[in-house]
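Worksheet: the structure to be examined is printed underneath.
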Number of protein chains: 2
Amino acid sequence: MSGSSTSSGDPTSVTTGPGGTSTGSPPSTAAGRVTLPGANLTALRDHNAATVLSLVRAASTGGAAEHADGAGQTTDAAGQTEAVGGTGISRVELARESGLTAQAISKIVQRLTEDGLLAETGRGASTGGKPRTLLSLVPDARWAVGVQLGRDELTVLRADLAGRVMAARHVPIDLAGWGPRPVLDLLGEQVDLLLGALPRDRVLGVGIASPGPLDQRGGVLHDVTGAPSWTGLPLRDEVERRLGLPTLIEKDSTAGVLSALGSPNRAFVHLDRGLGAGLVLGGAVQRGARTNAGEFGHQMLDPTGPRCRCGNAGCVEALWAAAPTPTAAARVLGEAIANLVRLLDLDEIVLGGREVLAAPDLYLTEIRGSLAARLPDPAWQTVTLSVAPSGPDAVALGAAGLVLTRLFG
Amino acid sequence: MSGSSTSSGDPTSVTTGPGGTSTGSPPSTAAGRVTLPGANLTALRDHNAATVLSLVRAASTGGAAEHADGAGQTTDAAGQTEAVGGTGISRVELARESGLTAQAISKIVQRLTEDGLLAETGRGASTGGKPRTLLSLVPDARWAVGVQLGRDELTVLRADLAGRVMAARHVPIDLAGWGPRPVLDLLGEQVDLLLGALPRDRVLGVGIASPGPLDQRGGVLHDVTGAPSWTGLPLRDEVERRLGLPTLIEKDSTAGVLSALGSPNRAFVHLDRGLGAGLVLGGAVQRGARTNAGEFGHQMLDPTGPRCRCGNAGCVEALWAAAPTPTAAARVLGEAIANLVRLLDLDEIVLGGREVLAAPDLYLTEIRGSLAARLPDPAWQTVTLSVAPSGPDAVALGAAGLVLTRLFG
DNA sequence: GCCACTTAATCCACAGTGTTGTTTAACTGG
DNA sequence: CCAGTTAAACAACACTGTGGATTAAGTGGC
């Protein structure tokens, strides 16, 4: 506010010294849990186990493992991954891709096999000597529960390690009208019904997609617009206590970006009531300084545009709502996405949310057009655009994916 | 382009399975070096050493260590960090903040002290028992060289571990006209002059800020607009070979964001010829899918705006260039920054570059105004705005900061 | 002035990680 | 059939952080 600052060394700034990645200190919050930076032997072991599992998963889903070309079954140029009696990845390949020794990989794989997470599923073709033994994930070794707490619907689902939805339940609710208690009771009931007689010790945990931003740390709802009774509720702790399962929480659009594997630099554009985006940048989910990252709907696109509910003029969301035709609405979104792709250098955009699912082809076509027009340079032509394969379950599935982070790192 | 996609499962998409943070596989590139995901005991040790150094640095620079309040000298509410005979941080505090045992911290500190990186610099006040021994960085234990390869100027400087510029040299060049060879010869000469008789084994390495984006991996110049002779040059390897020092490379605006410590969610807005931004999000430097992250100047702000050199209409950069008065130009930038802050939920913006340094107060005032107007909610009022304290050396100092990552993690 | 109490830091034995060197398993090719 | 080659396991080992006991250096009550 004041204009008293001099040209360098502004008093509002506390910065000193150049540096590494970040200040480092405010303990990094991940989905409502605090993680300290030091690593002990247990952390080392878990990290490497997660690395191995992650590599195995990437290999068996056939996606983005080597050169993002995903054929995976036939002989590559380098002569690897030639499957004969099954699918998977061998220990030697794991060693090469992880940077660990073959011996270390053997031990890790042994542990994971004993835990039931991995299994030998075939033999690779010989490369001149003993053929490789192929390893794969056992998808049903563990499950994750995903919950989407929407304004008018509660979704609970169970996903396996391959990220498939094994069962899902949708129940209409009135988040604002009912208030927390009855909704949480219902949530508990529905999760119980969902899990039935399944062994609870194979359920990794519960991921919740909240309808709005969260508090700085700790999984407390920050401010649910139009539902004051929810504001300030320590939702994570509350659900964890009721269900007795490890619980993580994330804003809905942010959860959505975890609904499927993908590029380390991607966005999930969520077009429901509001317009939000979930961001994965540099391989990490982005939450921002106050878990508000991805407020995609309120970037200004046109100073002469209509006034938005946020108070400003020309927001994407307002332009979208005021668009005369669906095509015009999709085009507005396309412009905004082009800005996003260019600013963050993304190479994958996934669309989700009710509005998109109502007219997926329209949105895909228009947004493709906008991207092609506004990013004509060939370097930008590799942007992948798609609608979330999990459709209306994307956000809940992403919440489940949040839990899988416990295994895959 | 085609409209043949169905509502879910678009053919252009290779995604399957929900999931963890990212696909994991394309080996994470950090400033032109490949890092494999597996971690061995050496990596563990280095990580913890970096953690300790980072905590010590945060404590001695007095910034953002505990609650971003940075008083640091007097008694905190919790009764910690009460300095008596010096500044620094004690082993117990390091243990608490890192999550490691006091014993582990003792060993790590011992190693770092033997390496000359840390020193005991005083005693804390007693908290009822034996007073804490305070530790601090030894700033001159190591140095980093930072290079900014500008279009018309070459900057080389030496920074110490506290991030202070110990010596700097500025030489006019003509990047496009001269071509690579003479410029690289000059660069070598200047670094030699800069380092003089200093022991080379205490120079951690060289960081280079390139005038444009880099190739996917490996530190190759991608496309230096207007200087075709530089396109495709493997600059990192070339400089590393000539100087015999570990070399890292980064795009100039991205390097700038490392010129000072700061928030884990911050941007360095670089207003020179073009308009770029360096981004640190979630504590990590963001490079994007093709090292193009931060193309801040080409977000569309006004569909009726003037045509930009990039081919589109209404880009920030074009609007800024066409602004009738300096105030109007600053206001355009303010709008764009407001979009940025909101989209990524940043809490710190640092301004740099020639244009800003020519009229810092104007820019600060106008941008503050834009932020206050467009982000009126109190939750957004905590955004810190400042001009880079290192002024014209910011980008080169950031390049040096890139090298410090080797120590601080 | 003394002594119980408290907190910081170190000493010592130890569990568990990945590594190195060697051996066994399994297939290719002349 | 056997040398050559690659995959994976076995055995001894180095080095990490951990846990428990010990020493160092203050405070405060009497």
Side-chain angles (χ1 to χ4, degrees), chain A residues 36-52 78-86 88-114 118 120-135, chain B residues 36-52 78-86 88-114 118 120-135:
Chain A
L36 293 164
N40 53 23
L41 288 171
T42 310
L44 179 73
R45 173 167 49 77
D46 291 350
H47 169 84
N48 285 337
T51 298
V52 167
Q80 330 152 8
T81 323
E82 190 178 354
V84 164
I89 186 171
S90 67
R91 291 172 175 80
V92 234
E93 287 167 303
L94 288 171
R96 183 169 47 78
E97 292 190 24
S98 67
L100 295 172
T101 333
Q103 180 55 23
I105 294 293
S106 273
K107 284 187 186 176
I108 293 167
V109 165
Q110 188 179 4
R111 286 198 300 261
L112 293 174
T113 305
E114 282 165 8
L118 290 184
E120 302 190 342
T121 52
R123 303 189 90 72
S126 167
T127 56
K130 174 178 174 179
R132 302 167 175 184
T133 310
L134 300 179
L135 302 160
Chain B
L36 293 163
N40 53 23
L41 287 172
T42 310
L44 180 74
R45 174 168 47 77
D46 291 349
H47 169 82
N48 285 337
T51 298
V52 166
Q80 330 150 9
T81 323
E82 190 179 354
V84 165
I89 186 171
S90 68
R91 291 172 177 81
V92 233
E93 288 166 304
L94 288 171
R96 182 170 48 78
E97 293 190 23
S98 66
L100 295 171
T101 332
Q103 179 55 23
I105 294 294
S106 271
K107 283 188 187 175
I108 293 167
V109 165
Q110 188 178 3
R111 286 199 300 260
L112 293 174
T113 305
E114 282 165 7
L118 290 185
E120 303 190 341
T121 52
R123 304 187 89 71
S126 167
T127 56
K130 173 176 173 179
R132 302 167 174 183
T133 310
L134 299 179
L135 301 160

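Just so it is clear: chains get the letters A, B, ... in the order the sequence lines come, proteins before strands, and each one is counted from 1.
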| remark: Hits for side chain to side chain donor-acceptor pair (under 3.5 Å) against A/S90, two or more places apart or cross-chain, chain-then-number order -> A/E93
| request: Have a look at A/I105 and say if it touches a base, only the backbone sugar-phosphate, or nothing, with a 4.0 Å heavy-atom cut-off. | output: nothing
| query | Between A/N40 and D/dT16, is there a side-chain N or O to OP1/OP2 distance below 4.0 Å? | reply | no
| said: Rounded to whole Å, please give me the gap between CG in B/L100 and P in D/dG19. | reply: 11 Å
| With sequence neighbours left out, what residues match B/R45 under side chain to side chain donor-acceptor pair (under 3.5 Å)? | none
| field | Euclidean distance, atom CG of residue A/L44 to atom C1' of D/dG17 [Å, nearest integer] | value | 10 Å
| message | Below the 4.0 Å mark, does D/dA7 have OP1 or OP2 next to a side-chain nitrogen or oxygen of A/R91? | response | no
| said: Quick check on D/dA8: is either OP1 or OP2 less than 4.0 Å from any side-chain nitrogen or oxygen of A/S106? | reply: no
| Which comes earlier along DNA chain C counting from the 5' end, the contact point of A/R111 or that of B/Q110, where each point is its nearest nucleotide? | B/Q110
| Do the side chains of B/I89 and B/L134 get nearer than 4.5 Å, heavy atoms only? | no
| Separation of atom CG in A/L135 from atom P in D/dA7, rounded to whole Å | 13 Å
| Any side-chain heavy atom of A/I108 within less than 4.5 Å of one from A/R111? | yes
| said: Under 4.0 Å, counting only non-hydrogen atoms across every strand here, what does B/T42 touch: a base, just sugar-phosphate, or nothing? | reply: nothing
| message | Whole angstroms only, please: what is the CG-C1' distance between A/N48 and D/dT16? | response | 13 Å
| said: Could you tell me how far apart A/H47 (NE2) and D/dT16 (C1') are, to the nearest whole angstrom? | reply: 16 Å
Strictly under 3.5 Å: I want the nitrogen or oxygen pairs between protein and nucleotides 24-29 of chain D, one per line.
{"residue": "D/dA25", "atom": "N3", "partner": "B/K130", "partner atom": "N", "Å": "3.4"}
{"residue": "D/dG26", "atom": "N2", "partner": "B/G128", "partner atom": "O", "Å": "3.2"}

| note | Note: chain B reaches DNA chain C at heavy-atom distances under 4.0 Å over the stretch, first to last nt, 5' to 3', of C/dT6 to C/dT19
| task | Taking the side chain as every heavy atom from C-beta outward, state whether A/V52 and A/S98 have any pair of such atoms under 4.5 Å apart. | result | no
| task | Measure from the side-chain heavy atoms of B/L41 and tell me the nearest of D/dT18, D/dA14, D/dG17. | result | D/dA14
| Is the backbone N or O of A/P37 less than 3.5 Å from a side-chain atom of B/H47, with the two atoms forming a donor-acceptor pair by type? | yes
| Rounded to the Å, how far apart are A/R96 CZ and D/dT6 P? | 14 Å
| request: Give a yes or no on whether the backbone of B/A39 and the side-chain of A/N48 come within a donor-acceptor separation of less than 3.5 Å. | output: yes
| task | To the nearest Å, give me how far apart CD (B/Q103) and P (D/dT16) are. | result | 13 Å
| query | Quick one: side-chain contact (heavy atoms from CB on, under 4.5 Å) partners of A/A104, sequence neighbours excluded? | reply | A/L100, A/T101
| field | Contacts of type side-chain contact (heavy atoms from CB on, under 4.5 Å), residue B/E120, not counting sequence neighbours | value | B/R91, B/T133, B/L135
